[in-house]
There are 2 protein chains.
Amino acid sequence: MKQKATLKQIAKELNVSVSTVSKALSNSPEISEPTKKRVQEFAKLKNYKPNNVAVNLKSKRSRTIGVIIPNILNPFFAKVFSGIEKAANDRGYNVITCISNESLEKEVHAMDMLSNGTIDGFILSIAEETQAVGDFKHFKEAISDDIPIVMFDRISDEVNCDKVIVDDFDSAVHAVNHMIKLKCKNIALLSTIDNLSVGKLRAEGYYKALADNNISVNDNITILTDNTEDFDEKLQTLFDKKIDGIFALDEHASVMAMKAAIKKGIKIPDELNVIGFADGVWSRRLTPSLSTVSQHGPEIGDAAANMLIDRLEAKEGEEPEYQTKVIKTELRQRDSTRKL
Amino acid sequence: MKQKATLKQIAKELNVSVSTVSKALSNSPEISEPTKKRVQEFAKLKNYKPNNVAVNLKSKRSRTIGVIIPNILNPFFAKVFSGIEKAANDRGYNVITCISNESLEKEVHAMDMLSNGTIDGFILSIAEETQAVGDFKHFKEAISDDIPIVMFDRISDEVNCDKVIVDDFDSAVHAVNHMIKLKCKNIALLSTIDNLSVGKLRAEGYYKALADNNISVNDNITILTDNTEDFDEKLQTLFDKKIDGIFALDEHASVMAMKAAIKKGIKIPDELNVIGFADGVWSRRLTPSLSTVSQHGPEIGDAAANMLIDRLEAKEGEEPEYQTKVIKTELRQRDSTRKL
DNA sequence: AACATTAACTTTTACGGTTACATAATTTGT
DNA sequence: ACAAATTATGTAACCGTAAAAGTTAATGTT
């Protein structure tokens with residue numbers, strides 16, 4: 001239809017050279033005021049916008065970040081994503097999103113698809129399958145190709161890059177200690193993410209807190225698995241055992257356990273205290289509302305985006321050292337735990 | 001660091017011209033087999049990947065879709081987004097995401113930022129503020145600049161473009177009819193999205209169903225608002241009235257109403273049937289689980305992406321007529337409604 | 001032998017914008 | 001009054017790729 005204005009067209013219509021137009025529009029002092037005004041007004045009239053693709057080609061940077069997320073339906077990732085998007089936009093960057101769907105192949109494919117000038121760097125959380133298989137070649141390749149990566153939440157020590165994490169271990173220790181202070185003696189440990197690095201760290205935090213308080217681990221009230229069906233089945237018999245606390249490492253475990261307890265007629269928080277890792281609005285909407293370890297998703301995203309952009313915009317040779325930033329969690333006490 | 005391979009470099013190292021390399025890599029019949037093999041092998045060795053930005057500049061298309069979403073934390077939008085992302089990827093397109101956060105300004109800014117060759121077309125759902133203000137200039141501008149738009153869910157009749165919607169009106173009629181069949185006489189209408197086009201359509205569906213069944217509207221058991229605090233306040237007194245059914249137009253209204261009813265000791269579904277619009281996993285996790293009008297978010301996204309790409313890839317002059325595609329909803333009967 | 005065809009490359013142009021360098025015109029310095 | 005400096009603009013190279021158009025040499029045709 002109506003083709004868009006280019007420098008060339010404007011130059012021709014104003015009888016000046018392309019470079020004059022270019023300089024006038026970037027307000028270069030090389031161009032006289034009257035000419036600048038003439039060009040700028042004409043450009044505005046024609047609704048001229050520099051073709052971003054051409055600018056990218058010339059400048060060899062796209063001001064675009066590739067974000068690879070395992071699952072956007074997970075509210076934690078959605079929150080982190082919104083933090084990334086906001087921070088990136090504030091600094092003039094766009095965000096290309098790929099969803100790995102926890103698949104190594106999709107992760108590799110996404111990185112491949114974007115590592116050709118399309119993006120300047122990646123922000124990602126490792127797919128479940130990738131963590132299981134332990135194949136991190138694609139990350140290392142990108143980095144050696146000079147495409148920086150910032151990993152968040154699910155990270156790998158094998159890959160040397162910037163990272164943003166939550167202090168999963170400490171958070172778990174803290175949460176479990178809190179339950180012990182509430183006089184819980186038999187705290188069940190529930191997880192459907194035992195395949196993930198974060199899941200393992202949280203479990204270790206639980207063990208640490210028990211050990212610190214001389215409480216022995218009871219395998220009977222421990223459900224560690226990596227799939228929800230398996231979990232739901234094992235959950236059936238959990239309440240046959242003596243339990244006065246539940247520490248759940250992910251949202252599914254938290255909610256299903258609460259639901260099951262309510263069904264059994266167990267009084268929460270009087271007979272049973274529950275703390276879970278959760279990020280959705282739903283922990284508040286549950287009846288009773290769930291006390292959670294809140295991970296500050298948006299802050300994680302914000303930190304990751306800023307870390308990446310700082311590196312991208314660092315002068316050659318002045319790139320900062322790789323760092324791992326820890327975002328503090330917060331224990332949000334709601335109605336599923338007694339007040340101290 | 002290690003700079004990436006370009007056609008020029010490969011050409012120099014193999015002592016052929018750039019175009020020979022280009023053609024060899026695209027398997028052109030103009031190039032002899034031995035040369036092709038030599039070039040292709042060398043390119044593979046050097047891990048050559050065509051610079052996407054250069055290709056985009058040359059071809060004047062970016063194979064990238066701009067997606068503008070009001071709020072990614074809303075599970076409906078997250079589902080639609082995942083549908084878009086998948087369909088786009090399957091057809092070799094990337095997705096740049098912007099979150100308007102329900103703000104007109106951010107929506108305009110996002111479109112501006114991307115309408116310069118960065119993307120080939122938009123998929124979007126109109127921001128709340130934009131619908132309130134009724135300012136659709138930015139959409140019309142994009143379309144007249146030959147950047148196609150596909151709107152989903154929140155659309156505007158004022159803008160002539162492809163659209164994907166749910167049959168909100170019919171879905172509501174159907175759901176309310178179902179409740180009437182369950183012998184509900186006093187069905188409350190609850191909404192916190194009365195400012196949105198979809199909210200209004202659903203409310204109209206409710207009125208239609210009542211009218212069809214000769215039930216008069218009772219304003220005492222109707223809460224139509226556009227903010228959650230106002231809603232929560234009005235909800236306090238709702239259960240003082242005689243109610244045997246609740247039809248909730250959004251997730252917040254659904255959940256808060258159920259929570260309040262349970263607190264009052266009202267038996268669901270025996271004394272009260274509840275149907276709500278909801279998309280998260282949580283309708284299933286509620287106790288009792290919530291019967292919902294499911295909107296098939298991923299299908300909406302899939303349809304939108306394919307509609308856009310079909311238009312983008314249509315031959316000049318052979319673009320299809322603008323169409324509005326309606327995705328059927330489904331009434332998912334769970335435990336908050338009696339069985340017929 | 002004279003010319004047409006074809007295979008296999010190379011040269012050139014183009015995409016749209018930026019920018020180092022060149023040139024012309026004007027002003028300043030002495 | 002004439003060289004030097006300054007101002008204002010133009011020319012051309014470049015980013016990396018694609019492809020139209022041009023070149024060369026070998027083969028085929030009559």
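Just so it is clear: chains get the letters A, B, ... in the order the sequence lines come, proteins before strands, and each one is counted from 1. Values reported hereafter were calculated over all heavy atoms of this structure, with side chains retained and with hydrogens, waters and symmetry mates removed.
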Peer 1: Strictly under 4.0 angstrom, non-hydrogen atoms only: write out the protein contact profile of nucleotides 18-26 of chain C, one letter per nucleotide from the 5' end, B, S or -.
Peer 2: BBBB-----

Peer 1: Please classify the nucleic acid contact of B:Val53 as base, sugar-phosphate, or nothing, using heavy-atom distances under 4.0 Å.
Peer 2: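 No contact at all - B:Val53 keeps every heavy atom at 4.0 Å or more from the nucleic acid.
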
Peer 1: Between C:dT10 atom P and B:Lys12 atom NZ, what is the distance in whole Å?
Peer 2: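 Going from NZ in B:Lys12 over to P in C:dT10 covers 15 Å.
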
Peer 1: Expressed in angstrom and rounded to an integer, what is the separation of B:Asn56 atom CG from D:dA18 atom C1'?
Peer 2: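 From B:Asn56 CG to D:dA18 C1': 13 Å.
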
Peer 1: For the pair made of CG in B:Asn51 and C1' in D:dC15, what is the distance, rounded to whole Å?
Peer 2: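 Computing the B:Asn51:CG to D:dC15:C1' distance gives 8 Å.
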
Peer 1: Round to a whole Å and report the spacing from CD1 of A:Ile10 to P of C:dG17.
Peer 2: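 Atom CD1 in A:Ile10 sits about 8 Å away from atom P in C:dG17.
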
Peer 1: Could you state the atom-to-atom distance from NZ of A:Lys37 to C1' of D:dA8 in whole Å?
Peer 2: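 Value for this atom pair: 18 Å.
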
Peer 1: Can you tell me the distance, in whole Å, between the CD1 atom of B:Ile31 and the C1' atom of D:dT24?
Peer 2: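 Rounded to the whole Å, the gap is 14 Å.
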
Peer 1: Just checking A:Thr35: base, sugar-phosphate only, or nothing, at a heavy-atom cut-off of under 4.0 Å?
Peer 2: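 A:Thr35: backbone/sugar contact only, no base atoms under 4.0 Å.
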
Peer 1: Using only heavy-atom distances, determine whether the side chains of A:Thr35 and A:Ser32 contain a donor-acceptor pair under 3.5 Å.
Peer 2: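 A:Thr35 vs A:Ser32: donor-acceptor pair found between side chains.
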
Peer 1: We want to know whether B:Asn56 and B:Ser62 form a side-chain donor-acceptor pair, criterion being a heavy-atom distance below 3.5 angstrom.
Peer 2: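 No, no side-chain donor-acceptor pair sits under 3.5 Å.
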
Peer 1: Between D:dG10, C:dG16, D:dA8, which nucleotide has the shortest distance from any of its atoms to the side chain of A:Val16?
Peer 2: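 It is D:dG10.
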
Peer 1: Calculate the interatomic distance between A:Lys8 atom NZ and C:dG17 atom P; express it in whole Å.
Peer 2: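 Result: 10 Å.
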
Peer 1: Between B:Arg38 and B:Glu33, does at least one N-O distance fall below 4.0 Å, as a salt bridge requires?
Peer 2: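 Answer for the salt bridge query: no.
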
Peer 1: Give the rounded distance in Å between these two atoms: CD of B:Glu33 and P of C:dC9.
Peer 2: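 Taking atom P of C:dC9 as the reference, CD of B:Glu33 is at 11 Å.
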
Peer 1: Picking from C:dC9, D:dT11, D:dG16, which would you name as closest to the side chain of A:Ser17?
Peer 2: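 Nucleotide nearest to A:Ser17's side chain: D:dT11.
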
Peer 1: For B:Ser22 and B:Ser19, does a side-chain donor sit closer than 3.5 Å to a side-chain acceptor?
Peer 2: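 Not at all, the side chains of B:Ser22 and B:Ser19 share no donor-acceptor pair under 3.5 Å.
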
Peer 1: For a quick check under 3.5 Å, do B:Asn116 and B:Thr118 share a side-chain donor-acceptor pair by atom type?
Peer 2: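 Checked: B:Asn116/B:Thr118 side chains pair up, N/O donor to acceptor below 3.5 Å.
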
Peer 1: Could you tell me whether A:Glu313 and A:Arg63 make a salt bridge, using a distance below 4.0 angstrom between a side-chain N and a carboxylate O?
Peer 2: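 A salt bridge links A:Glu313 with A:Arg63.
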
Peer 1: Would you check if there is a donor-acceptor pair between the side chains of A:Asn306 and A:Asp310 at a distance under 3.5 Å?
Peer 2: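 Judged by distance alone, the side chains do not pair up.
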
Peer 1: Tell me whether the side-chain N/O atoms of B:Lys36 come closer than 4.0 Å to OP1 or OP2 in C:dA8.
Peer 2: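 Answer no for this pair, as no side-chain N or O of B:Lys36 is under 4.0 Å from OP1 or OP2.
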
